[in-house]
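In this text the structure is predicted, and so the values were computed from the model without any measurement.
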Amino acid sequence: MTWIETVIIAIVEGLTEFLPVSSTGHMIITQNLLGIEQGDPFVHAFTFIIQFGAILSVVCLYWKRFFKLDNTPAPEGSSAWQRLKHRYYFYWLLFVGVLPAVIIGLLAKKSGLLDWLLDSVEVVAVMLVVGGVFMLFCDKLFNKGSDDKKVNERRAFNIGLYQCISVIPGVSRSMATIVGGMTQGLTRKRAAEFSFFLAVPTMAGATLLDLLDLVKEDAVWATSHNIMMLLLGCAVAFVVALLAMKWFVAFLTKYGFKAFGIYRIIVGTIIIVLLLTGHSLAMVD
């Protein structure tokens with residue numbers, strides 16, 4: 001990968017990480033357009049690691065909420081565990097929400113399914129269209145939610161189950177978790193914010209696994225060039241995602257998913273037509 005390719009992919013990641021259009025899918029499409037070799041372990045790891053750079057923008061933008069503990073008194077008669085959970089309830093909800101993704105993600109990675117999916121632009125194209133069609137109707141399928149409903153343990157776990165669907169590139173982790181929150185009666189804004197928060201432990205775990213896998217491989221990948229590519233990719237994705245996140249929350253709250261659904265259908269259909277007619281996505285051979 002070149003410096004320019006790294007910056008382009010990182011910009012795509014930062015713009016799409018919190019949009020319900022699949023950042024992983026868009027990076028796979030971008031890599032194909034740029035003619036980057038698929039199947040390379042470093043390219044796979046790069047795809048996940050720079051997503052963590054974008055996710056860190058959540059911690060920066062929502063730092064007051066992310067690091068706030070519940071200092072209100074626990075209910076009278078609470079056990080030591082209940083008092084501890086009460087104080088760190090926000091982090092407990094993230095732990096409960098991320099559990100399903102940990103289990104499914106590890107199984108997908110160990111089986112080799114995840115690597116196969118990451119190499120398949122066909123899967124991305126199909127899922128973009130399927131998800132886009134769903135998004136045309138999901139605002140009507142689920143009511144606007146109630147401000148009285150907040151994330152609790154049951155809702156966090158159920159949202160985590162929805163997140164597991166996003167192991168398929170093109171589905172969109174953001175879409176899966178936001179829709180999951182809406183099925184639990186949360187407002188679009190509250191569901192989107194919990195989706196952001198849940199992304200932090202999810203992508204931190206994925207990044208750690210990919211780094212460990214790279215370390216287990218031979219050290220050929222660990223050149224100064226590749227390390228600089230990772231650092232640059234994370235930095236660019238962080239800045240771009242920070243700028244895009246607030247806009248997305250405001251847009252989603254006001255207009256819903258329909259515009260994103262139309263976009264997904266258009267992009268996915270174009271790619272499917274190109275592939276079926278024997279054209280390569282690579283702009284440079």
- Do any N or O atoms from the side chain of Glu5 and from the backbone of Thr2 form a donor-acceptor pair under 3.5 angstrom? yes
Going by atom type alone, with no hydrogens or angles, which donor-acceptor pairs under 3.5 Å involve a side-chain atom of residues 99-107 and a protein atom two or more places apart or on another chain?
none

- State, with a plain yes or no, whether a side-chain heavy atom of Pro20 is found less than 4.5 Å away from one of Met135. yes
- Item | Ser57 (side chain) donor-acceptor with Ala54 (main chain) under 3.5 angstrom | yes
- Answer yes or no: is there a donor N or O on one side and an acceptor on the other, between the side chain of Arg173 and the main chain of Ser166, under 3.5 Å? no
- Would a 4.5 Å heavy-atom cut-off, applied to side chains only, mark Leu230 and Asn226 as touching? no
- Message: Could you report the tightest heavy-atom contact between Leu186 and Lys149, atom names first, then the distance?
- Response: CD2-O, 3.6 Å
- To the nearest 0.5 Å, tell me how far Thr6 OG1 sits from Ile36 CD1. 7.0 Å
- Task: Kindly state whether the ring of Phe95 and the ring of Phe157 have centres lying under 6.0 angstrom apart.
- Result: no
- Ser23 side chain to Thr16 side chain, donor-acceptor N/O pair below 3.5 angstrom: no
- Between Thr202 and Gln163: side-chain donor-acceptor atoms closer than 3.5 Å: yes
- Query: Where do Phe52 and Val200 come nearest, in terms of heavy atoms and distance?
  - Reply: CE1-O, 4.2 Å
- Message: Run the side-chain contact (heavy atoms from CB on, under 4.5 Å) test on Leu161 and Asn158 for me, step by step, so that the C-alpha distance in whole Å, both residues' side-chain angles and the decisive distance to 0.1 Å come before the verdict.
- Response: CA-CA 5 Å; Leu161 291 175; Asn158 289 337; 4.1 Å; yes
- Query: Do Val273 and Ile265 sit in the same hydrophobic cluster, where Ile, Leu, Val, Met, Phe, Trp and Tyr count as joined when their side-chain heavy atoms come under 4.5 Å apart?
  - Reply: no
- Does the side chain of Ile50 reach to within under 4.5 Å of the side chain of Met27, using non-hydrogen atoms? yes
- Message: Run the side-chain contact (heavy atoms from CB on, under 4.5 Å) test on Leu19 and Trp247 for me, step by step, so that the C-alpha distance in whole Å, both residues' side-chain angles and the decisive distance to 0.1 Å come before the verdict.
- Response: CA-CA 10 Å; Leu19 304 186; Trp247 170 86; 3.8 Å; yes
- Message: Taking the six-membered ring for Trp, are Phe251 and Phe260 closer than 6.0 Å centroid to centroid?
- Response: yes
- Are any of the side-chain heavy atoms of Phe90 and Asp70 separated by less than 4.5 Å? no
- Task: State, with a plain yes or no, whether a side-chain heavy atom of Val121 is found less than 4.5 Å away from one of Leu275.
- Result: yes
- Note on the structure: For Asp139 and Met182 the tightest heavy-atom approach is OD1-CE, 4.1 Å
- Message: Looking at Lys85, I'd like to know if its NZ atom is crowded, meaning that more than 12 non-hydrogen atoms belonging to other residues, nucleotides or ligands lie closer than 6.0 Å.
- Response: yes
- In short, Ser22 meets Arg264 closest at the heavy-atom pair N-NH1, 4.1 Å
- Item | Rounded distance [0.5 Å steps], SG in Cys164 versus CD1 in Ile159 | 12.5 Å
- Item | Listed partners of Phe238 passing ring-ring contact (aromatic ring centres under 6.0 Å, His included), at least two apart | none
- Atom pair CD1/CG of Ile49 and Leu208 - distance to nearest 0.5 Å: 10.0 Å
- Gap separating the CE atom of Met245 from the CD atom of Glu17, nearest 0.5 angstrom: 9.0 Å
- Should the ring pair Tyr62 and Phe196 be called parallel, tilted or perpendicular, given that the plane angle runs from 0 to 90° and is split at 30 and 60? tilted
- Would you indicate whether the side-chain heavy atoms of Phe194 and Leu94 approach each other to under 4.5 Å? yes
- Return yes if some donor-acceptor pair links the side-chain N/O of Arg188 with the main-chain N/O of Ile178 below 3.5 Å, else return no. no
- Please assess Gln51 against Thr24 for the test side chain to side chain donor-acceptor pair (under 3.5 Å), listing each intermediate value before the final yes or no. CA-CA 8 Å; Gln51 289 184 66; Thr24 301; 3.2 Å; yes
- Measure across Leu242 and Leu61 and return the closest heavy-atom pair with its distance rounded to 0.1 Å. CD1-CB, 4.1 Å
- Is the Phe257 to Phe134 ring centre distance short of 6.0 Å? no
- Item | Contact check, side chains of Trp92 and Leu84, non-hydrogen atoms, under 4.5 Å | no
- Item | Residue pair Ile9, Leu34: steps toward the side-chain contact (heavy atoms from CB on, under 4.5 Å) verdict | CA-CA 9 Å; Ile9 295 171; Leu34 294 173; 4.1 Å; yes
- Query: Does a side chain donor of either Gln31 or Thr47 reach within less than 3.5 Å of an acceptor in the other side chain?
  - Reply: yes
- Query: Do His86 and Tyr91 make the cut of ring centroids closer than 6.0 angstrom?
  - Reply: no
- Residue pair Met127 / Pro169, side-chain heavy-atom distance below 4.5 Å: no
- Item | CA sep, side-chain torsions, deciding dist, call: Met229, Trp3, side-chain contact (heavy atoms from CB on, under 4.5 Å) | CA-CA 7 Å; Met229 292 303 97; Trp3 293 95; 3.1 Å; yes
- Task: Kindly compute the distance separating CG (Leu128) from OG (Ser172), expressed to the nearest 0.5 Å.
- Result: 9.5 Å
- Query: For Gly77 and Gln82, which heavy atoms make the closest approach, and how far apart are they?
  - Reply: O-OE1, 4.3 Å
- Spacing of CD1 belonging to Ile227 relative to CG belonging to Leu232, to within rounding of 0.5 Å: 13.5 Å
- Do Phe18 and Val12 belong together in a cluster built from hydrophobic side chains that touch within less than 4.5 Å? no
- Which residue pairs pass the salt bridge (Lys or Arg N to Asp or Glu O under 4.0 Å) test with at least one member in residues 53-67, sequence neighbours excluded? Arg65-Glu193
